[in-house]
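Worksheet for the structure shown next.
Since the structure is predicted, the reported quantities are computational estimates derived from the model, not experimental observations. Note that these values count all heavy atoms, side chains included, but never hydrogens, waters or copies made by symmetry.
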Protein chains: 2
Amino acid sequence: MAAPLSKHDVFQAIADPTRRELLHLLSDREMPVTVISSHFPMSRTAVSKHLRVLSEAGLVKERKVGREVRFRLEPEPLQELKSWLTYFERYWENKLAALKRIVEADPEGSSDASGIAPPRQRLVAAADPAERTEPR
Amino acid sequence: MAAPLSKHDVFQAIADPTRRELLHLLSDREMPVTVISSHFPMSRTAVSKHLRVLSEAGLVKERKVGREVRFRLEPEPLQELKSWLTYFERYWENKLAALKRIVEADPEGSSDASGIAPPRQRLVAAADPAERTEPR
DNA sequence: TTGACATGAAACCAAAAGGTTTCGTAATAT
DNA sequence: ATATTACGAAACCTTTTGGTTTCATGTCAA
């Protein structure tokens, strides 16, 4: 349970398209920096910096082989992203379910196949026509 | 197939911790800007800017009510993130996943709008025990 | 009306991000 | 030995980001 209090977190690491491409590239196999950078329209140094950001986020690991340094994907930290997403999943599933009910005009309308607790999101507006927020 | 070629994508939108907190806050119910900003240690204007970034990524929707503007969560765009993650899930789920993938040898992937390139598959690793990369 | 409230636009600023080129150093090849 | 290759560190530059304060405008309350 080492706290990864490093400078870059997973969310920030994957924000850049180049870095996402790097992850895909490295998911295939491990590669040295020069080979990696040959896939990108920027300097090797720039790619190297991106690799460092990924490394600080724990998303890649490096290993020295002779004079080269090979990088490989380390997917585990992506789980944080996944669990973060899980929280919101029920919201869109709920919305989709609601839409489905409307479209199908199902008179019963309460079939939720996911078994996930429904969020307390108001799908309909308040009844008050003025809709004051803070009556003072 | 509306191409979401706006300035901010989902990946970038959720990179900022404040914006992630905003999404959580708004997942509960819709809120006007002033109320939202009271939850954050920064100016209302700053929060407003974050809301705009989220809006450009399609993650929140606004609605005018009297003199206030209420924001609410719009979770659908997060599905892009989820499907992006799905690709990597196989890698972390168990160590045999990579092998399995090689065996199955999925012939073609399709690139999407998020800068993701399909990995070029090489089924055989270098045989040289010295592990030279570029024999010249 | 007049004043208070809710909000966005604008101008501004410091720091971070993303890139470059140059250089030093370790490992390999000849 | 000597040249070549692989790489990171450093210095530098430009653009973006995340924040601020100030101001204008629309809406509501008295």
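With respect to B:Lys61 and B:Glu30, no salt bridge is recorded, no charged nitrogen being found less than 4.0 Å from a carboxylate O. With respect to B:Glu68 and B:Arg70, a salt bridge is recorded, a charged nitrogen being found less than 4.0 Å from a carboxylate O.
Phosphate contact (OP1/OP2 of D:dG8, side-chain N/O of A:Ser48, threshold under 4.0 Å): present. Between A:Arg67 and D:dT4 there is no side-chain polar atom (N or O) within less than 4.0 angstrom of OP1 or OP2. Between B:Ser43 and D:dG19, a side-chain N or O to OP1/OP2 separation shorter than 4.0 Å is absent. Using a 4.0 Å cut-off, some side-chain N or O of A:Thr34 falls inside it from OP1 or OP2 of D:dC7. Residue B:Lys64 has no polar side-chain atom (N or O) positioned under 4.0 Å from OP1 or OP2 of D:dG26. For the pair B:Gln12 and D:dT16, the criterion of a side-chain N or O lying under 4.0 Å from OP1 or OP2 is not met. In this structure, A:His50 does not reach the C:dA17 phosphate: none of its side-chain N or O atoms is under 4.0 Å from OP1 or OP2.
The two residues B:Ser55 and B:Glu62 make their nearest non-hydrogen contact at OG-OE2, 3.9 Å.
Atom pair B:Leu51:CG and D:dG18:C1' shows a separation of 14 Å (rounding to whole Å applied). The separation between B:Glu21 atom CD and D:dG18 atom C1' is 15 Å, rounded to whole Å. Rounded to an integer number of Å, the gap from B:Met42 CE to C:dA15 P is 17 Å. C:dG18 atom C1' lies 14 Å from atom CZ of A:Phe40, rounded to whole Å. A:Glu68 places its CD atom 19 Å from the P atom of D:dT4, with the value rounded to the nearest Å. Atom CZ of B:Arg44 is separated from atom C1' of D:dT21 by 11 Å (rounded to the nearest Å). As rounded to whole Å, 12 Å separates atom P of C:dA11 from atom NZ of B:Lys49. Summarising the geometry, the separation between CG on B:Leu22 and P on D:dG18 is reported as 12 Å, rounded to the nearest angstrom.
Between A:His24 and B:Phe88, the distance separating the two ring centers is shorter than 6.0 angstrom.
Applying the salt bridge (Lys or Arg N to Asp or Glu O under 4.0 Å) criterion to A:Arg72, with sequence neighbours excluded, gives A:Glu74.
Nearest-nucleotide positions on DNA chain C place B:Val33 closer to the 5' end than the other of A:Val53 and B:Val33.
Looking at heavy-atom distances under 4.0 Å, B:Arg52 makes contact with sugar-phosphate atoms alone, never a base.
Comparing D:dG8, D:dT21, D:dG18 by their nearest atom to the side chain of B:Thr45 picks out D:dT21.
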